[in-house]
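Below is one structure; the comments refer to it alone.
For the numbers below, each heavy atom of this structure counts, side chains included, while hydrogens, waters and symmetry mates do not. Below, chain A is the first sequence line, B the second, and so on; all start at residue 1.
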2 protein chains.
Amino acid sequence: MAQHPSHQDESHHVGHDQDHSHDHNHNHCIDSALATAETLCIEQGQRLTKVRRRALELIWESHRPLGAYQLLAKLAEEGFNSAPPTVYRALDFLLGAGLIHKVESMNAYLGCAHADKAHKGYFLICDECHNVMEFDYQDIHAALIAKAAQQGFELRAETIELTGLCAECKATNTSAANTQGTRT
Amino acid sequence: MAQHPSHQDESHHVGHDQDHSHDHNHNHCIDSALATAETLCIEQGQRLTKVRRRALELIWESHRPLGAYQLLAKLAEEGFNSAPPTVYRALDFLLGAGLIHKVESMNAYLGCAHADKAHKGYFLICDECHNVMEFDYQDIHAALIAKAAQQGFELRAETIELTGLCAECKATNTSAANTQGTRT
DNA sequence: ACAATTTTGTTATGATATAACAATTGAATC
DNA sequence: GATTCAATTGTTATATCATAACAAAATTGT
Ligand SMILES: [Zn+2]
Ligand SMILES: [Zn+2]
Ligand SMILES: [Zn+2]
Ligand SMILES: [Zn+2]
């Protein structure tokens, strides 16, 4: 529930080596996320089964949020059952364990790099390249709690999804002097 | 895009006379919203046709956010065409005109009481009674813009949806001394 | 009246998500 | 190891949310 102070105001850029040569090959992120997942599941007596584990890997391997049916297709390719409940069960498990977030405005799922710290995901979503950056902003969190409390509202969960143009796409659009402006 | 300062930090409680005797019969809200809609559409050379107008009324008459197919059913009862495009077209029009908001986390649509001022809706959503309160919080808006700008991100749209327990439900739950705590 | 534009009707399909129940697997106990 | 119980997965069906494509009708401007 409470956000951890350790990476307050820090951002973690998720998905960033799609096409345009940001070649941070993020195997490190994946390995780290999987290791965290193992640890957390063991600690909590949860079972990170094959399909759950592979689903988590596939979500991380995707460089942007992955839809449930996209994930299902990938799992099916690898011999897992191809019916929807398979993927939704895996997603429910991973969401419950805090290992992934759902981006409501995209109906898509994204690995969380800070699964070990309970928090809600705040996202910056680029309209252009569809990359998503998760950020943690303690000030906003506190302000939202306070604002809700003013209304007598007890805050439990937050969906904060900001869309717009990321730095790279803004640079590209500007420098390329493209005529179509900010397309979608 | 910019939120207007006039109702900064003010909240408008949407949907509040459902069952438990908050008998603000909100005909006033509906009438006011419809009048605003007329004015806005005329000003902008937009046509508030029968189906669009009735859709807006029905959304307002509902005391909580209305799903597209719920709305479609109501329209169909009244002799409008009952195929999905009918309702999605009306919703698109109303969204475009700023007369309603979509609550992403509920896939539902809600009348906006401040359609005359361009803004994004910020919502408090009760897990218990499903009422939704729209609030406007200039401080948070400014902080989000600043935070995004720090990352080089140009903010275009915001989805801010907070869930939890509203004041009434908190009171009910507490006073009823229910054993189940904060269920859901 | 005529043409151009917008809106609506209609059919079909895509995309996202869950219900219900059976079969299998895993872990704990006997 | 066999037994039992709970958790997980398989399977079929369906619910829910949303859009594509094209035809028909209504509205607007001339
Ligand atoms: Zn996270
Ligand atoms: Zn981008
Ligand atoms: Zn509003
Ligand atoms: Zn409530």
Side-chain angles (χ1 to χ4, degrees), chain A residues 37-38 41-42 44-56 58-59 62 64-97 99-110 130 159 161 184, chain B residues 37-38 41-42 44-56 58-59 62 64-97 99-110 130 159 161 184:
Chain A
E38 299 279 11
C41 289
I42 289 169
Q44 298 168 16
Q46 302 278 110
R47 290 166 53 193
L48 190 65
T49 60
K50 276 182 198 170
V51 66
R52 291 167 175 176
R53 184 191 174 88
R54 190 61 188 136
L56 181 58
L58 287 166
I59 287 171
S62 160
R64 24 184 87 89
L66 203 54
Y69 280 71
Q70 292 175 273
L71 176 56
L72 182 58
K74 287 175 193 276
L75 288 170
E77 277 176 16
E78 302 184 6
F80 292 97
N81 182 16
S82 66
T86 297
V87 77
Y88 283 103
R89 284 164 178 161
L91 289 170
D92 284 349
F93 175 85
L94 297 171
L95 286 167
L99 297 168
I100 61 173
H101 296 291
K102 178 176 184 183
V103 183
E104 292 289 348
S105 59
M106 302 177 78
N107 293 317
Y109 304 84
L110 185 65
H130 303 105
T159 299
E161 299 177 5
T184 291
Chain B
E38 298 279 12
C41 289
I42 289 169
Q44 298 167 17
Q46 301 279 110
R47 290 165 54 193
L48 190 64
T49 60
K50 276 183 197 168
V51 66
R52 291 168 176 175
R53 185 191 173 89
R54 189 62 188 135
L56 181 58
L58 287 167
I59 287 170
S62 161
R64 24 184 86 89
L66 202 54
Y69 279 68
Q70 291 175 273
L71 175 57
L72 182 58
K74 288 176 193 275
L75 288 170
E77 277 176 16
E78 302 185 6
F80 291 98
N81 181 18
S82 66
T86 296
V87 76
Y88 282 104
R89 283 165 178 158
L91 289 170
D92 283 348
F93 175 86
L94 297 171
L95 286 167
L99 297 168
I100 61 173
H101 296 291
K102 178 177 184 182
V103 183
E104 292 288 348
S105 59
M106 301 178 79
N107 292 318
Y109 303 83
L110 184 67
H130 303 106
T159 300
E161 300 177 6
T184 289

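- If you check the side chains of Glu161(B) and Ser105(B), you find a donor sitting under 3.5 Å from an acceptor.
- In the set dA17(C), dA21(D), dG10(D), the nucleotide with an atom closest to the side chain of Pro84(A) is dA17(C).
- Taking atom CD1 of residue Ile42(A) and atom P of nucleotide dA27(C), one finds them 12 Å apart after rounding to whole Å.
- Rounded to an integer number of Å, the gap from Leu95(A) CG to dA17(C) P is 10 Å.
- Leu72(B) has its side chain out of reach of Tyr88(B): every pair of non-hydrogen atoms, C-beta onward, lies at least 4.5 Å apart.
- At the phosphate of dT16(C), neither OP1 nor OP2 sits under 4.0 Å from any side-chain N or O atom of Asn107(B).
- The CG atom of Leu91(A) sits 16 Å away from the C1' atom of dT8(D) (whole-angstrom rounding).
- The distance from atom CG of Leu66(A) to atom CG of Leu58(A), rounded to the nearest 0.5 Å, is 7.5 Å.
- Taking every side-chain heavy atom of Pro85(B) into account, dA20(D) is the closest of dG10(D), dA17(C), dA20(D).
- Between the CD atom of Gln46(B) and the P atom of dT27(D) there is a distance of 17 Å, rounded to whole Å.
- Here the P atom of nucleotide dT9(D) and the CG atom of Asp92(A) are 12 Å apart, to the nearest Å.
- For Lys102(B), whose side chain is taken as the heavy atoms from C-beta onward, the closest listed nucleotide among dT19(D), dT7(C), dA18(D) is dA18(D).
- Of all nucleotides listed (dA20(C), dA17(C), dT7(C)), dA20(C) comes nearest to the side chain of Arg89(A).
- Residue Arg47(A) places no side-chain N or O under 4.0 Å from the OP1 or OP2 atom of dT25(C).
- A 4.5 Å side-chain heavy-atom check between Leu91(B) and Ile59(B) finds at least one atom pair inside the cut-off.
- For the pair Tyr88(B) and dT19(D), the criterion of a side-chain N or O lying under 4.0 Å from OP1 or OP2 is not met.
- Phe93(B) comes within contact range of no nucleotide atom at all, as no heavy-atom separation falls under 4.0 Å.
- Leu48(A) has its CG atom 13 Å from the C1' atom of dT8(D), to the nearest Å.
- Ring-base stacking between Tyr69(A) and dT16(C) is satisfied, the centre separation being under 5.5 Å and the plane angle under 30°.
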Carefully, step by step, assess Phe93(A) and Cys41(A) under the rule side chain to side chain contact (heavy atoms under 4.5 Å, CB included). CA-CA 10 Å; Phe93(A) 175 85; Cys41(A) 289; 3.9 Å; yes

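- Look at NZ on Lys50(A): it is 16 Å from P on dT24(C), rounded to the nearest Å.
- Across the protein-nucleic acid pair, Gln70(B) atom CD and dC17(D) atom P stand 7 Å apart, rounded to whole Å.
- Under 4.0 angstrom from either OP1 or OP2 of dG10(D) there lies at least one side-chain N or O belonging to Asn81(A).
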